[in-house]
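The model shown is predicted, which means the values in this text are computed figures rather than measured ones. So that the names make sense, note that chain A is the first sequence line, chain B the second, and so on, each numbered from 1.
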2 protein chains.
Amino acid sequence: MTSAPTWTIAQVAEEFDVTHRTVRHYEDLGLITPERRGTQRVYHRRDRTRLGLILRGKRLGFPLEEIRTIIDLFDAPRGRRTQLEYVLAQIDERRADLDQRLRDVQDAIAELGEFERRCREDLDKLA
Amino acid sequence: MTSAPTWTIAQVAEEFDVTHRTVRHYEDLGLITPERRGTQRVYHRRDRTRLGLILRGKRLGFPLEEIRTIIDLFDAPRGRRTQLEYVLAQIDERRADLDQRLRDVQDAIAELGEFERRCREDLDKLA
DNA sequence: ATAGTGCTTTACGTTTACGTCAACGTCAAG
DNA sequence: CTTGACGTTGACGTAAACGTAAAGCACTAT
């Protein structure tokens with residue numbers, strides 16, 4: 001039988017191209033909660049998944065505190081109807097935010113394309 | 001004849017929902033350069049356009065210094081061939097960055113949708 | 001004349017997101 | 001058994017992006 005794979009802090013830091021300090025900082029803020037084997041941290045698949053979500057959230061410009069509420073949402077208890085409805089409401093809020101980001105990116109890409117077109121026109125005129 | 005419209009710092013701050021301090025901070029960093037009429041700042045359409053670009057860049061998580069290089073690109077001299085080719089190269093770099101952001105947002109939205117589907121399933125089972 | 005409104009600069013304070021030592025524990029290899 | 005290699009916890013430092021007084025100018029309204 002193959003037991004669940006684990007990683008050291010050096011390995012996850014290497015894999016996600018961040019420093020040990022960064023990984024521990026995320027733990028301080030409660031974004032990841034690695035197992036402890038004695039004094040050492042042991043990272044599981046779940047921690048790596050979360051790290052991926054954290055870094056993507058960062059690329060999208062979300063503050064770490066907000067990222068925490070978002071990824072905690074995925075692990076939130078959903079047993080009772082009220083809990084599920086709360087989670088669904090949160091999802092709607094998040095989606096509104098992401099939709100705005102999507103429009104922003106698309107607009108920026110479109111403007112960049114338009115700008116490139118004008119530059120190429122100028123370049124052609126110089127030919 | 002209608003002369004070009006101008007705005008005070010209070011008006012642009014109000015319009016873009018930021019503080020005076022923020023607007024002046026962007027000026028300190030060289031992101032906008034309003035006219036001076038005596039000691040007072042006078043904002044033109046160009047300044048408002050740039051403010052819009054700045055805030056969108058911020059929503060996308062770009063640091064202000066990087067935003068400056070981006071919007072300066074739009075006003076960069078493009079007379080000589082070498083200049084145009086430099087600008088076009090910069091555009092490609094920016095686009096690569098934005099494409100990454102686009103993928104990030106799309107992935108995040110997709111995951112959120114999938115998560116919502118599972119929540120609704122759970123909700124149905126409770127019915 | 002003075003009070004009020006709006007703008008100005010100067011300058012120190014704050015929050016976020018880590019960087020950077022310092023000092024110490026632990027375990028396998030020589 | 002001591003020397004690395006790797007890990008740990010503080011604790012202070014720093015850069016970015018403003019917040020927040022403090023103090024003063026300019027014009028208008030009473």
Trainee: Can you list everything that forms a ring-ring contact (aromatic ring centres under 6.0 Å, His included) with B/Phe16? Sequence neighbours excluded, please.
Mentor: none

Trainee: Output the rounded distance in Å from CD (A/Glu14) to P (D/dC6).
Mentor: 12 Å

Trainee: Among all residues two or more places apart in sequence or in another chain, which pass the ring-ring contact (aromatic ring centres under 6.0 Å, His included) test with B/Tyr86?
Mentor: none

Trainee: What parts of residues 20-32 of chain A reach DNA chain C, counting only heavy atoms under 4.0 Å away?
Mentor: A/Arg21, A/Thr22, A/His25, A/Tyr26

Trainee: With heavy atoms of chain B within less than 4.0 Å as the criterion, where does contact along DNA chain C begin and end?
Mentor: C/dC7 to C/dA11

Trainee: Among all residues two or more places apart in sequence or in another chain, which pass the salt bridge (charged side-chain N to carboxylate O under 4.0 Å, His left out) test with A/Arg45?
Mentor: none

Trainee: Can you list the residues that meet the side chain to side chain donor-acceptor pair (under 3.5 Å) rule with A/Gln11, with sequence neighbours excluded?
Mentor: none

Trainee: Quick test of your reading: applying salt bridge (Lys or Arg N to Asp or Glu O under 4.0 Å), list the pairs with at least one residue in residues 23-32 of chain A, sequence neighbours left out, ordered by first then second residue.
Mentor: A/Glu27-A/Arg36, A/Glu27-A/Arg41

Trainee: Going by the rule salt bridge (charged side-chain N to carboxylate O under 4.0 Å, His left out), which residues pair with B/Asp97 if we only count those two or more places apart in sequence or in a different chain?
Mentor: B/Arg94, B/Arg101

Trainee: What pairs with B/Glu116 under side chain to side chain donor-acceptor pair (under 3.5 Å), at least two apart in sequence or on another chain?
Mentor: A/Arg95, B/Arg120

Trainee: With sequence neighbours excluded, what pairs up with B/Asp17 under the side chain to side chain donor-acceptor pair (under 3.5 Å) test?
Mentor: none

Trainee: By a strict heavy-atom criterion of less than 4.0 Å, which residues belonging to residues 34-63 of chain A are in contact with DNA chain C?
Mentor: A/Lys58, A/Pro63

Trainee: Is A/Asp107 reaching over with its side chain to a backbone N or O of A/Asp104, donor-acceptor style, under 3.5 angstrom?
Mentor: no

Trainee: Who pairs with B/Asp72 by side chain to side chain donor-acceptor pair (under 3.5 Å), at least two apart in sequence or on another chain?
Mentor: B/Arg50

